[in-house]
Number of protein chains: 4
Amino acid sequence: MTASPERRRELLGTAAEVFAEQGYNATTVRKIADHAGMLAGSLYYHFDSKESMLEEILRTFLDELWDGYDTVLDAELGPRETLEALVTESFREIDRHRAAVAIYQKESKQLAPQERFAFLAESQRRFEKAWLSTLERGVAAEAFRADLDIRLTYRFVRDTVWVAASWYRPGGQHSPEEIARQYLSMVLDGIAVRP
Amino acid sequence: MTASPERRRELLGTAAEVFAEQGYNATTVRKIADHAGMLAGSLYYHFDSKESMLEEILRTFLDELWDGYDTVLDAELGPRETLEALVTESFREIDRHRAAVAIYQKESKQLAPQERFAFLAESQRRFEKAWLSTLERGVAAEAFRADLDIRLTYRFVRDTVWVAASWYRPGGQHSPEEIARQYLSMVLDGIAVRP
Amino acid sequence: MTASPERRRELLGTAAEVFAEQGYNATTVRKIADHAGMLAGSLYYHFDSKESMLEEILRTFLDELWDGYDTVLDAELGPRETLEALVTESFREIDRHRAAVAIYQKESKQLAPQERFAFLAESQRRFEKAWLSTLERGVAAEAFRADLDIRLTYRFVRDTVWVAASWYRPGGQHSPEEIARQYLSMVLDGIAVRP
Amino acid sequence: MTASPERRRELLGTAAEVFAEQGYNATTVRKIADHAGMLAGSLYYHFDSKESMLEEILRTFLDELWDGYDTVLDAELGPRETLEALVTESFREIDRHRAAVAIYQKESKQLAPQERFAFLAESQRRFEKAWLSTLERGVAAEAFRADLDIRLTYRFVRDTVWVAASWYRPGGQHSPEEIARQYLSMVLDGIAVRP
DNA sequence: TATGAATGAGGGTTCATTCAT
DNA sequence: TATGAATGAACCCTCATTCAT
């Protein structure tokens, strides 16, 4: 007798893969069922709807993400160390939840306005606050440059990290920590040779 | 008296807005027609299919993009100047074809394998070649750092620039050239204060 | 200044060809217009509707057919001579109105019940009456065999003649009269060698 | 408990009736569904498309037809007996597959050029070969008249038989064998009284 | 738990037809 | 006379969802 939560997680994993690869709208319930070796109707024993699968995938991912982020933020490190830790944590999440991250990247903009996905907008707000305050602290502490538009910088760092989910494949030649190190090196010191 | 190519362009502009905002799959032909103030069937007087609209939008954008890129590449500037020119040109294209760029970002991965959209894959190959060779020239000329994985650097620069289309709004407070300047400053010199 | 009836006849000829080749339902107004070197809408200057074109084609054909038939029937020949004359006249009409005959064969069953095409049903009734009475006269006069079901014979002769329109091409190696002669020979004397 | 192939056959039977009565193009999927007591969309659980229903109807018919024909042809009877057997078999098939035969008669010409319906053209070729060789054998054996154009004779016999599907109603007063007997009598010996 | 069959809403597309120019 | 553009109804088909078994 298979425990229900076990099966749910399996099925959600399958669904996430397909959503990530084909896009949420282009993914039919039947495709998910095919990948899971069952018929489309059977999924409705486990889930209320296609949308509820999407919700659970994103919620699970964001919960874990914020676990990691909160740990970092609660440590009250210096701005540069905080930035390094957040970026590293982000790449770890990409490693662990590649599919969910890819879905999030592609769909969150359309989803966020919907009541059901209000948690996405909420997460975005917290995210922005955490990053902006870190950057501001860094500028104040003269760790980060003061001559840049801080919102532009925020977007730059944010996008820079998360878009990686679109090409990242777990188990490749670079570990998430290694990728994080190189990204940080580029973001912090630039790609130009210092004069 | 609206000449035919004129009307096509108008309608394609409308379609591109809707595609960009709602996603290609989620956009119904009826929505496009609504935005254009006509009935769904009427669009088929001007276009063969929804997909052909998408194709024309992307093709037009890529043609103009490569006009700009080729001008830069043919100038045979030094690697750093080439990089700066390419990035600046990219932001100009984002400014001119915001909707098309956003569509391209979101859909090209699913589209490229299809025969009809082979030009996307082809463009991606040329794009990668242009950037990689510029970066390699820069490393050889000691303009760019030699200690970074060059493919990682390529992805970093590429994504960093184009994702901007997802938040950029033409007519905002920063001109494309101004944004390019700040992005280049971050990419080349980093956001950390020099020691 | 092209006389209107002239142009009508031209256009109806074109339409008949296309109807015959592709079937009435499968023929779009645009296809007809293409064949005529004009745009679909322009046909509506000449005709009220696609259906009115069909009607005029069939009416014209049947009018001419009955001209010929009535001439034969009014001559009050013997039954065998009447049959020969009717068959010959039929092949002449096939020669002259190949397209119309083909359309008639394929569509009349669906059309006849419609009020607009009541003339088809009426023609069929007259047709049947003419043939049945000829056959009956022939049986009475011991010109035709008495051991056959007369309605079956009627259908046999009728179909035998008109289906030829599906393969007949005007200008081929056999004249309509020659084909009529051979058909009559088969119908009257059979294909078996006489003992 | 309706097994799936059972249901398919039922639905195909319904579809065939409607196709035969209204013509393939004029038949909407809704009409078929109405006749079957379900909604249009539900048909797509059983079949890929309207066209695939048509294909299966025609294929099933032709397969059975050739079963019968091949049995006749393999028996290597004399030419006259072969002709009699083929005609009788044809009327039996008309009796069993009236709708399919009617569809075949009306649509095969438009369908045959399509790749999907290549089996129609193939069947026509085999059909023609079987009939022509039978007729030629008959002429050589002095069973059939030598003074007739053999292709004309072929068309005459072929059409004569199959058009019957357009008026034949199973369960009428004549059995298929009886109709075959009378048709054969007309075709072989003619309708005229022997001198 | 899963299947098989169906629902019903909607989506892309076609096409006869209209009408101002 | 003919064009160009649009209408609106209908069509084939897809798909999330339901439900008896």
Side-chain angles (χ1 to χ4, degrees), chain A residues 1-4 7-8 11 24-33 36-54, chain B residues 1-4 7-8 11 25-33 36-53, chain C residues 1-4 7-8 11 24-33 36-54, chain D residues 1-4 7-8 11 25-33 36-53:
Chain A
M1 214 180 295
T2 325
S4 188
R7 192 86 177 94
R8 277 180 88 83
L11 292 171
Y24 174 71
N25 278 305
T27 299
T28 70
V29 170
R30 222 189 122 196
K31 272 186 209 152
I32 301 172
M38 61 193 338
L39 292 179
S42 310
L43 280 173
Y44 287 80
Y45 179 82
H46 300 277
F47 304 98
D48 284 345
S49 65
K50 183 184 166 189
E51 211 180 44
S52 78
M53 301 179 78
L54 177 61
Chain B
M1 206 183 301
T2 337
S4 188
R7 192 82 177 100
R8 276 181 88 84
L11 293 172
N25 279 305
T27 298
T28 71
V29 169
R30 273 173 184 84
K31 273 185 211 153
I32 300 173
M38 61 192 340
L39 292 179
S42 308
L43 282 172
Y44 289 81
Y45 180 79
H46 301 276
F47 304 99
D48 284 341
S49 65
K50 183 184 165 190
E51 208 179 49
S52 79
M53 292 188 227
Chain C
M1 216 182 294
T2 324
S4 187
R7 192 86 177 95
R8 278 180 88 82
L11 292 172
Y24 174 71
N25 279 305
T27 299
T28 69
V29 171
R30 221 187 123 197
K31 273 185 209 152
I32 301 172
M38 60 192 341
L39 290 180
S42 309
L43 280 172
Y44 287 80
Y45 179 81
H46 301 277
F47 304 98
D48 285 343
S49 65
K50 183 183 165 188
E51 210 179 44
S52 78
M53 300 179 78
L54 178 62
Chain D
M1 204 184 299
T2 337
S4 187
R7 192 84 177 99
R8 276 180 87 84
L11 293 171
N25 279 306
T27 299
T28 70
V29 170
R30 246 199 196 67
K31 276 185 208 153
I32 300 174
M38 61 192 338
L39 292 178
S42 308
L43 281 173
Y44 289 81
Y45 179 79
H46 301 277
F47 304 99
D48 284 342
S49 64
K50 183 184 166 190
E51 208 180 49
S52 79
M53 292 187 229

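In the text below, chain A, chain B and the rest are named by the order of the sequence lines, each starting its count at 1.
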Atom [atom1] of [X] and atom [atom2] of [N]: how far apart are they, to the nearest Å?
| X | N | atom1 | atom2 | answer |
| --- | --- | --- | --- | --- |
| B/Asn25 | E/dG12 | CG | P | 9 Å |
| C/Asp48 | E/dA16 | CG | P | 15 Å |
| D/Arg8 | E/dG4 | CZ | P | 14 Å |
| C/Leu43 | F/dT3 | CG | C1' | 12 Å |
| C/Phe47 | E/dT18 | CZ | P | 15 Å |
| B/Met38 | F/dG8 | CE | P | 12 Å |
| B/Lys31 | E/dG10 | NZ | C1' | 11 Å |
| B/Leu39 | E/dA16 | CG | C1' | 15 Å |

Worksheet item: According to the Watson-Crick and G-U wobble definitions, with both distances under 3.5 Å, which nucleotide is paired to F/dT18?
Response: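 Across any shown strand, F/dT18 pairs with E/dA5.
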Compare every heavy atom of [Y] with every heavy atom of [X], then report the nearest pair and how far apart it is.
| X | Y | result |
| --- | --- | --- |
| B/Lys31 | B/Ala26 | NZ-O, 2.9 Å |
| A/Leu11 | A/Ala36 | CD2-CB, 3.6 Å |
| A/Lys50 | A/Asn25 | NZ-O, 3.8 Å |
| B/Tyr44 | B/Ser49 | CE2-CA, 3.8 Å |

Worksheet item: If the P atom of E/dT1 is compared with that of F/dT21, how far apart are they to the nearest Å?
Response: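 It works out to 22 Å between them.
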Discussion item. So A/Thr27, base contact, sugar-phosphate only, or nothing? Heavy-atom distance under 4.0 Å.
Written reply: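 Result for A/Thr27 = sugar-phosphate.
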Discussion item. Classify D/Ser42 by what it touches in the nucleic acid, base, sugar-phosphate, or nothing, heavy-atom distance under 4.0 Å.
Written reply: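 It contacts base atoms.
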Worksheet item: So, the side chain of A/Arg8 versus the backbone of A/His46: is there a donor-acceptor pair under 3.5 Å, distance only?
Response: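 Looks like yes, one N/O pair under 3.5 Å.
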Fill in: Position toward the 5' end of DNA chain E (nearest nucleotide), D/Arg30 or C/Ala40
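Result of the comparison: D/Arg30.
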Worksheet item: Taking the nucleotide of DNA chain E with the closest heavy atom to each, which residue, D/Gly37 or A/His46, is nearer the 5' end?
Response: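 Residue closer to the 5' terminus by nearest nucleotide: A/His46.
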Given [options], the nucleotide with the shortest approach to the side chain of [X]:
| X | options | result |
| --- | --- | --- |
| D/Tyr45 | E/dT1, F/dC13, E/dA5 | E/dA5 |
| C/Arg7 | F/dA16, E/dT13, F/dA2 | F/dA2 |
| B/Val29 | F/dC13, E/dT13, F/dT17 | E/dT13 |

Discussion item. Looking at C/Tyr44, I'd like to know whether one of its side-chain N or O atoms comes within less than 4.0 Å of OP1 or OP2 on E/dT17.
Written reply: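 It does, given that an N or O in the side chain of C/Tyr44 lies less than 4.0 Å from OP1 or OP2 of E/dT17.
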Worksheet item: So which one's nearest nucleotide on DNA chain F is more toward 5', B/Gly41 or C/Leu11?
Response: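 So the residue in question is C/Leu11.
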